Amino acid sequence: MSSPEIASLSWGQMKVKGCSTTYKDCKVWPGGSRTWDWRETGTNHSPGVQPADLEEVVRKGVKTVVIGRGMSEALQVPPSTVDYLKKNGIDVLVLQTEKAVEEYNALAAQGVKVGGVFHSTC
């Protein structure tokens, strides 16, 4: 199963190819996507992305995870989250969201088993 292309990104809106939903924040993995609801794990801009936010994506068998920190990079990614991914043998890229989407789409086009979590506002 391949990772779906992120078809469009603008402030507060993301579209994933093959999905009719417009996301504010989203999770993607080979074969699927869904809303990234921060309330599920109590995530806030600081301290930021937690391992619990990534567990679902990791369980999908990804080799690389791309984290989009927002358009102004307000969303933090603590070292413990990066360590969680590395301990699971997963490469991680932490980038401003527009750059993160570009990298994610490039990896997906190459057939890499890539997943990601993306924040589309600040």
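Remember, predicted model here, so these are calculated numbers, not experimental data.
Using modelled atom types, one finds a donor on one side chain and an acceptor on the other under 3.5 Å when comparing T43 with Q50.
No chain of hydrophobic side-chain contacts below 4.5 Å, direct or via other Ile, Leu, Val, Met, Phe, Trp or Tyr residues, connects V94 to L107. Put simply, V28 and V62 are part of two different groups of oily side chains (I, L, V, M, F, W, Y) that touch within less than 4.5 Å, one to the next. Put simply, V57 and V16 are part of two different groups of oily side chains (I, L, V, M, F, W, Y) that touch within less than 4.5 Å, one to the next.
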Evaluate the criterion side-chain hydrogen bond (donor to acceptor under 3.5 Å, both in side chains) for residue pair Y23 and S33; output intermediate values, then yes/no. CA-CA 10 Å; Y23 301 113; S33 64; 2.8 Å; yes

Does the side chain to side chain contact (heavy atoms under 4.5 Å, CB included) test come out yes or no for V114 and V65, once each step is laid out? CA-CA 6 Å; V114 61; V65 168; over 6 Å; no

As a quick check of understanding, evaluate side chain to side chain contact (heavy atoms under 4.5 Å, CB included) for T64 and V92, giving each step before the final call. CA-CA 6 Å; T64 302; V92 59; over 6 Å; no

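Atoms NZ and OG, from K17 and S2 in turn, are 9.5 Å apart once rounded to the nearest 0.5 Å. Note that the NZ atom of K63 and the CG atom of N88 stand 10.5 Å from one another [nearest 0.5 Å]. Note that NZ of K86 is 8.5 Å distant from CG of D91, once rounded to the nearest 0.5 Å. Separating the OG atom in S80 from the NZ atom in K87 is a distance of 9.0 Å, to the nearest 0.5 Å.
Side-chain contact check for K113 versus W29: every heavy-atom pair is 4.5 Å or farther apart. You'll find the side chain of E40 reaches within 4.5 Å of the side chain of D37, heavy atoms only. Residues M14 and T22 have side chains not in contact (no heavy-atom distance under 4.5 Å, counting atoms from C-beta outward). Contact annotation: the side chain of L9 approaches that of M71 to within less than 4.5 Å [non-hydrogen atoms, C-beta and beyond]. Contact of the D25 side chain with the T35 side chain is not registered, since no non-hydrogen atoms from C-beta on lie closer than 4.5 Å.
Scanning all heavy atoms of the two residues, the minimum distance from R34 to E56 falls at NE-OE1, 2.7 Å. Nearest approach of P30 to M1, heavy atoms of both residues: CB-O, 3.5 Å. Taking all atoms of both residues into account, the shortest heavy-atom contact from H119 to T97 is O-OG1, 2.6 Å. Shown here for Q13 and S120, the closest heavy-atom pair between the two residues is N-OG, 3.5 Å. Of all the heavy atoms in A100 and I67, the pair that sits closest is CB-O, 4.0 Å. The nearest pair of heavy atoms linking V49 to P78 is O-CD, 3.2 Å.
Distance alone, capped at 3.5 Å, is enough to place a donor-acceptor pair between the K15 side chain and the S20 backbone. Distance alone, capped at 3.5 Å, is enough to place a donor-acceptor pair between the R69 side chain and the L75 backbone. A donor-acceptor pair is defined here as one N or O able to donate and one able to accept, closer than 3.5 Å; such a pair exists between the side chain of Q96 and the backbone of E98.
Residues passing the side chain to side chain donor-acceptor pair (under 3.5 Å) test with E5: none are found, sequence neighbours excluded. Listed by chain and number, the residues in a ring-ring contact (aromatic ring centres under 6.0 Å, His included) with W36 are W38 (sequence neighbours excluded).
Each of V117, V82, D53 was compared with V77 under the side-chain contact (heavy atoms from CB on, under 4.5 Å) criterion, and only V82 meets it.
Between F118 and Y104, the distance from one ring center to the other falls under 6.0 angstrom.
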